[in-house]
Amino acid sequence: MALITAAAATATWMYLDAKYSIRSDVAQICAARSVPKYVQQLYKTHGEHDWSFYHILHKTYGLNDDTEAFVFESRSWSYGQLRREIGRLAETFQRMGITNRTVVGMFVNNSPEFMFAWWALYKLGAIPAPINTAITGEHIRHCLRISEAEFLISTYELYGIVAKTLFSDDREGACSKSSNSLHPAVPLLKAMVLYDCDTYPATECEPLVESVVLIRHNDLPPVTPEMGDFPKASRPHVALGDTGQYLFTSGTTGLPKATTWPSGYSIVGTCPSRFPGMNDKYRRFYICLPMFHGTAT
């Protein structure tokens with residue numbers, strides 16, 4: 001009789017757990033309690049001014065340099081390769097004048113170009129401002145104005161939209177080939193950068209305006225060991241509450257609004273014990289959302 005009762009109780013428990021996810025909820029509650037301790041540990045590690053989100057890529061939580069980190073169509077990069085390639089681009093950005101706290105607009109679809117540029121900006125302490133690639137004209141200029149972006153990065157695929165946005169008179173509705181000056185509606189913008197990592201063919205792009213800065217990844221300086229490193233002496237000073245990136249609202253009720261994503265919030269969200277079972281083994285994640293979306297980035 002006792003065995004029957006125990007079996008019935010077990011079956012009832014399994015049914016309730018399957019229906020209401022009781023064990024999962026309990027695990028989530030227990031895991032949430034680990035976050036404050038994780039924050040204290042982070043604060044001991046990063047102090048007041050070492051909260052660059054690039055730490056996440058540099059640390060990789062025990063995964064070695066040969067572990068696959070990023071896959072796009074037929075191409076893939078290990079963690080070591082990714083850090084070195086990002087380092088190549090970061091050095092080029094730095095020579096252009098992109099430094100700690102420089103705001104950089106990103107008008108880029110899901111691609112290696114987005115991934116490399118986004119991480120390179122974090123490595124420098126710059127502030128990415130990813131813009132919805134479905135908007136045009138004044139909406140793009142508005143995003144650049146309110147975020148106070150000094151540079152805008154785009155690709156061959158989207159160059160036509162950006163050219164009409166920055167180098168044309170809206171009354172004409174087309175890019176003037178003789179115009180090299182940026183649109184007066186974005187006075188803080190210093191340069192438009194077209195970044196190419198062999199994702200989109202240049203043959204599909206209209207002729208570039210002369211003032212556009214073209215960066216071809218294959219033409220960047222050769223990789224050095226230093227490019228993949230993140231030495232403490234050269235890390236940007238980024239405080240816990242400093243802006244990590246700007247994310248824009250959809251603009252469905254008017255022009256998009258820029259929301260601040262704090263640097264510390266991003267790093268705290270990486271607590272390995274916060275989501276039970278997520279870090280027990282190596283996983284491949286598929287990003288189906290546009291990377292300018294907050295849930296994807």
Side-chain angles (χ1 to χ4, degrees), residues 54 57-58 60 63 65-98 104-124 126 128-134 140 149 151-167 175 191-229 245 284-293 296-297:
Y54 186 77
L57 181 63
H58 188 68
T60 65
L63 298 175
D65 281 0
D66 296 326
T67 303
E68 182 183 72
F70 175 48
V71 178
F72 182 84
E73 296 179 346
S74 61
R75 294 182 284 173
S76 68
W77 293 263
S78 68
Y79 278 100
Q81 290 171 328
L82 193 61
R83 285 196 294 268
R84 290 189 290 271
E85 295 305 320
I86 288 167
R88 294 173 73 193
L89 184 59
E91 288 194 6
T92 300
F93 282 170
Q94 192 170 40
R95 287 195 294 270
M96 290 175 53
I98 298 176
V104 180
M106 294 180 62
F107 194 70
V108 185
N109 282 331
N110 288 20
S111 61
E113 282 84 351
F114 189 106
M115 184 68 76
F116 288 177
W118 193 69
W119 280 115
L121 295 175
Y122 272 121
K123 186 171 186 179
L124 296 173
I131 299 173
N132 186 341
T133 56
I140 296 176
F151 295 85
L152 174 65
I153 299 171
S154 193
T155 62
Y156 280 130
E157 182 188 35
L158 299 170
Y159 174 72
I161 298 173
V162 178
K164 291 178 182 178
T165 297
L166 296 182
F167 302 106
C175 178
M192 186 260 161
V193 178
L194 193 148
Y195 174 42
D196 168 39
C197 194
D198 287 339
T199 304
Y200 309 108
T203 54
E204 297 180 4
C205 178
E206 62 185 73
L208 302 183
V209 172
E210 290 181 6
S211 62
V212 170
V213 179
L214 175 60
I215 297 177
R216 289 191 175 94
H217 197 88
N218 290 339
D219 295 336
L220 295 177
V223 171
T224 64
E226 292 76 19
M227 288 179 177
D229 201 0
Q245 66 176 339
R284 176 184 284 186
F285 293 91
Y286 172 60
I287 299 178
C288 57
L289 287 169
M291 294 186 74
F292 59 74
H293 195 283
T297 56

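Given the structure is predicted, the values throughout are model-derived calculations rather than measurements.
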> If you round to the nearest 0.5 Å, how far is CD of E206 from NZ of K164?
Replying inline: 6.5 Å
> Can you find a heavy atom in the side chain of D229 that is under 4.5 Å from one in the side chain of H58?
Replying inline: yes
> Do R75 and T199 have side-chain atoms, one donor and one acceptor, less than 3.5 Å apart?
Replying inline: yes
> Under the salt bridge (charged side-chain N to carboxylate O under 4.0 Å, His left out) test, which residues partner E113, sequence neighbours left out?
Replying inline: none
> Nearest 0.5 Å, what's the CE-OG1 distance between M291 and T133?
Replying inline: 12.0 Å
> If you take all heavy atoms of R95 and P221, which pair is closest and at what distance?
Replying inline: NH2-CG, 3.4 Å
> So do the side chains of L121 and P128 get within less than 4.5 Å of each other, counting heavy atoms only?
Replying inline: yes
>> With a 4.5 Å cut-off on side-chain heavy atoms, are H217 and D196 touching?
In response: no
> Between F116 and W77, is the ring centre distance below 6.0 Å?
Replying inline: yes
> Between D198 and N218, is any pair of side-chain heavy atoms under 4.5 Å apart?
Replying inline: yes
> So how far is it from Y200 OH to L194 CG, rounded to the nearest 0.5 Å?
Replying inline: 11.0 Å
> So, for P112 and C197, which heavy atoms are closest and what is the spacing to 0.1 Å?
Replying inline: CB-SG, 4.3 Å
> What are the two closest non-hydrogen atoms of L208 and C205, and how far apart are they?
Replying inline: CD2-SG, 3.7 Å
>> I need the minimum non-hydrogen distance between I161 and T165, along with the two atoms involved.
In response: O-OG1, 2.8 Å
> Quick one: does Q81's side chain have a donor or acceptor within less than 3.5 Å of a partner on S78's backbone?
Replying inline: yes
>> Classify the ring geometry of W118 against Y122: parallel below 30°, tilted from 30° to 60°, perpendicular beyond 60°.
In response: perpendicular
> Is the side chain of T155 donor-acceptor paired with the backbone N or O of Y195 at a distance under 3.5 Å, no angle test?
Replying inline: no
>> Could you tell me if the side chain of Y156 sits less than 4.5 Å from the side chain of L214, heavy atoms only?
In response: yes
>> Quick one: does any side-chain atom of T92 pair with a main-chain N or O of R88 as donor and acceptor, under 3.5 Å?
In response: yes
> Taking atom CG of N110 and atom CG of L289, what is their separation to the nearest 0.5 Å?
Replying inline: 8.5 Å
>> Please determine whether side chain to side chain contact (heavy atoms under 4.5 Å, CB included) holds for the pair F70 and M115, giving the CA-CA distance in whole Å, both sets of side-chain angles, and the decisive distance to 0.1 Å.
In response: CA-CA 9 Å; F70 175 48; M115 184 68 76; 3.8 Å; yes
> Minimum heavy-atom separation for R284 to V71, with atom names?
Replying inline: NH2-CG2, 3.9 Å
> When you look at V212 and Y159, which way does the side chain to side chain contact (heavy atoms under 4.5 Å, CB included) test go after all the steps?
Replying inline: CA-CA 10 Å; V212 170; Y159 174 72; 3.8 Å; yes
>> Can you confirm whether S211 sits close enough to M192 that some side-chain heavy atom of one is under 4.5 Å from a side-chain heavy atom of the other?
In response: no
>> Could you measure the distance from the CD1 atom of I131 to the CD1 atom of I153? Nearest 0.5 Å is fine.
In response: 10.5 Å
>> Please report the interatomic distance CG(L158) to OG(S111), rounded to the nearest 0.5 Å.
In response: 8.5 Å
> Got V108 and F292 here, is their nearest side-chain heavy-atom distance under 4.5 Å?
Replying inline: no
> Are any of the side-chain heavy atoms of F114 and P130 separated by less than 4.5 Å?
Replying inline: yes
> Which heavy atom of V213 sits nearest a heavy atom of A191, and at what distance?
Replying inline: CG2-CB, 4.4 Å
